[in-house]
Amino acid sequence: MKLALLHDRLREAFFRWGWLTPAALPLTQLGGRGLFNTLVSFYALWGLLSIWKRWDRLDPLVILPYLGLLGVFLLTIPGTVDPVGGLRAWIGFAFQSSALLLTLAALREAPGHADRLLNGMALLGALTLGGLYVLLLYYLLGASGQAFDPVLQLREDNLPFLLPFLLGWLWRHGPLGWRYGAMMGVTALVLAYVVIAEGRAALLGLIVGLAVFGGLTLEWRMRRIAGLVALILAAGVAVNIGPFCKAELDPARPLDAFTAGRTALWRQALANPPARPWLGVGMGQGAYVGDVLRFELGGDIHQVKHLHNFLLDAWYETGLLGLSALIMLISVILIRLARVWRRLPMVDRQRAGVWLAATGALMTAGLLSFSYTSRQLACYLFFCLGSLSYFGGSVKPRAGRDTGLDKR
């Protein structure tokens with residue numbers, strides 16, 4: 001009896017405020033990887049226990065492809081070099097990606113939850129941006145005792161993902177007189193940090209995120225979007241042209257030099273596919289294919305941990321089955337949303353446009369940087385997919401199920 005009462009209280013607390021935990025996860029990057037792993041594990045366990053009697057909040061057309069993805073990834077582990085390490089990678093992925101299910105269930109719990117989540121993302125995104133600039137000053141002033149190295153010390157990876165939420169809040173809540181000025185100012189702050197950090201993948205993710213936000217949330221015409229993209233790209237290259245002019249590192253292979261060896265990695269992977277074409281080398285086993293992850297550039301040998309392309313990483317580690325399952329899950333969610341887009345109220349299209357902009361930023365950067373098991377894709381992307389599933393689904397929150405925190 002006491003156990004059941006405790007479970008009810010935990011579930012009530014989760015659907016009151018615990019479901020908002022993913023909004024705080026980008027902020028944990030200021031405290032290190034351990035803080036992120038601890039918080040996301042706590043969130044996943046708490047949430048999975050809380051939705052035990054909320055299965056009606058989940059959409060079978062989303063949960064089945066998701067469970068199929070987890071099943072395929074698990075099948076790739078037996079018979080690999082390090083099955084224990086592979087199982088740890090699978091558990092970590094399952095915990096982080098559970099944000100898809102937990103976010104969808106929470107958004108369907110009460111009508112006001114969609115706005116609460118967007119507001120929470122904007123608030124904590126602003127705190128993250130502020131914290132990153134404080135650390136930037138810390139490094140610039142030499143307080144760390146080390147020479148300033150933007151590539152190693154700055155952490156720009158999450159900013160393209162967070163920017164649409166900041167802009168969305170300003171668009172919805174900012175006074176008309178200074179709304180556009182504030183949006184331009186926030187964009188300039190994010191762009192400046194990304195450029196100082198020399199993050200080319202982040203810059204491209206930022207550009208795609210802004211283009212999607214302008215097209216779907218602001219409903220700009222293509223000509224204005226193209227102008228914005230050209231302006232951001234030109235500013236990024238002009239302010240810090242060094243990372244964009246690395247062809248001199250290896251004149252014989254200028255494309256490999258410009259992409260910091262990424263194209264060399266991709267060619268090697270395609271020329272040396274995994275021995276198990278359907279299941280790959282096994283989830284979490286990419287580090288054991290050292291020859292594929294080693295390349296020569298400018299006379300130096302470089303060793304990396306993954307292929308710096310989340311689709312190629314998923315293919316090499318989980319095979320054609322794993323890659324197909326991942327693409328199918330993402331496609332199902334996006335196609336369902338596209339089919340109902342014109343029938344959505346204007347306010348829902350604007351909300352969904354913010355999430356689509358964040359999704360586009362993550363996937364673009366993931367094509368050049370992150371692995372499918374990184375926090376940006378295993379957690380934040382699935383967090384976005386959970387929100388998009390809400391807007392693309394047919395089941396809406398029931399009246400009378402509000403937790404009381406959404407009342408005006």
Side-chain angles (χ1 to χ4, degrees), residues 17 19-30 36 39-40 43 99-100 102-104 106-107 112-133 155-174 179-194 202-203 205-220 228 232 337 347-366 375-377 379-391 406:
W17 56 270
W19 66 278
L20 292 167
T21 301
L25 290 175
L27 187 60
T28 64
Q29 78 177 88
L30 304 179
F36 172 87
L39 187 59
V40 78
Y43 160 76
L100 186 157
L102 303 182
T103 301
L104 176 58
L107 290 177
H113 279 187
D115 279 334
R116 283 185 65 200
L117 185 54
L118 287 173
N119 292 339
M121 289 297 300
L123 172 62
L124 292 163
L127 293 176
T128 301
L129 179 59
L132 289 174
Y133 265 97
R155 307 168 185 176
E156 78 284 1
D157 292 338
N158 293 334
L159 290 181
F161 158 64
L162 294 173
L163 180 59
F165 301 104
L166 299 175
L167 298 180
W169 188 91
L170 291 171
W171 176 252
R172 289 180 292 119
H173 299 289
R179 182 168 58 188
Y180 276 108
M183 293 169 70
M184 291 173 60
V186 170
T187 302
L189 284 174
V190 172
L191 176 63
Y193 191 96
V194 168
L203 179 61
L206 174 66
I207 289 173
V208 171
L210 284 173
V212 175
F213 180 85
L216 298 182
T217 298
L218 304 183
E219 296 189 332
W220 284 356
L228 175 66
I232 296 293
L337 179 60
V347 65
D348 278 349
R349 288 205 300 270
Q350 292 178 342
R351 292 166 176 156
V354 173
W355 288 104
L356 283 168
T359 300
L362 287 171
M363 293 181 66
T364 300
R375 71 183 71 178
Q376 283 78 18
L377 294 177
C379 184
Y380 303 150
L381 177 61
F382 280 75
F383 178 41
C384 292
L385 293 176
S387 298
L388 294 175
S389 299
Y390 166 74
F391 291 107
D406 303 306

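Just so it is clear, the values below take in all heavy atoms, side chains as well, and ignore hydrogens, waters and symmetry mates.
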key: Contact summary for P26 and P22, nearest pair of heavy atoms   = CD-O, 3.4 Å

Pair up each side-chain donor or acceptor in residues 353-366 with any protein partner under 3.5 Å, not counting sequence neighbours, and list the distances.
unit_1 : atom_1 : unit_2 : atom_2 : d
T359   : OG1    : W355   : O      : 2.8
T364   : OG1    : G360   : O      : 2.7

remark   = Tested for ring pair (Phe, Tyr, Trp, His ring centres under 6.0 Å) against W171, the lone hit among F165, Y180, W220 is Y180

ask   = Can you list the steps and then say if V40 with R375 is a side chain to side chain contact (heavy atoms under 4.5 Å, CB included)?
value = CA-CA 10 Å; V40 78; R375 71 183 71 178; over 6 Å; no

Interatomic distance, W19 atom CH2 to T103 atom OG1 [nearest 0.5 angstrom] = 8.0 Å

Shortest non-hydrogen contact from V186 toward L170 = CG2-CD1, 3.8 Å

ask   = In Å, rounded to the nearest 0.5 Å, how long is the span from CZ of F383 to OG1 of T21?
value = 9.5 Å

ask   = In Å and rounded to the nearest 0.5 Å, what is the CE to CG distance from M183 to L163?
value = 8.5 Å

key: Backbone of N158 reached by a side-chain donor or acceptor of Q29 within 3.5 Å   = no

task = Calculate, to the nearest 0.5 Å, the distance between atoms CG and CE belonging to L25 and M121 respectively.
result = 9.0 Å

inquiry  = Checking side-chain contact (heavy atoms from CB on, under 4.5 Å) between S387 and each of L104, L118, L100, L117, which is the one that passes?
reply    = L117

remark   = In terms of heavy-atom contacts, A202 and E156 come closest through CB-CG, 3.6 Å

inquiry  = Ignoring hydrogens, what is the shortest heavy-atom contact between D348 and R351? Give both atom names and the distance.
reply    = OD1-NH1, 2.7 Å

query = Just how far is it from atom CD of Q376 to atom CG of L381, taken to the nearest 0.5 Å?
reply = 10.5 Å

ask   = Quick one: CZ on R172 to CG on D115, what's the gap to the nearest 0.5 Å?
value = 5.5 Å

request  = Check P164 against P160 and note the closest heavy-atom contact, atom names and distance.
outcome  = CD-O, 3.2 Å

ask   = Does Y193 use its side chain to pair, donor to acceptor, with the backbone of R155 at less than 3.5 Å?
value = yes

query = Using the ring of each side chain (for Trp, its six-membered ring), is Y380 parallel, tilted or perpendicular to F36, with breaks at 30° and 60°?
reply = perpendicular

Output side-chain donor-acceptor pairs under 3.5 Å for residues 123-133, partner residues at least two apart or in another chain, one line each.
unit_1 : atom_1 : unit_2 : atom_2 : d
T128   : OG1    : L124   : O      : 2.8
Y133   : OH     : L189   : O      : 2.6

ask   = Are L159 and L206 close enough, and set up right, to give a side chain to side chain contact (heavy atoms under 4.5 Å, CB included), and what steps lead you there?
value = CA-CA 8 Å; L159 290 181; L206 174 66; over 6 Å; no

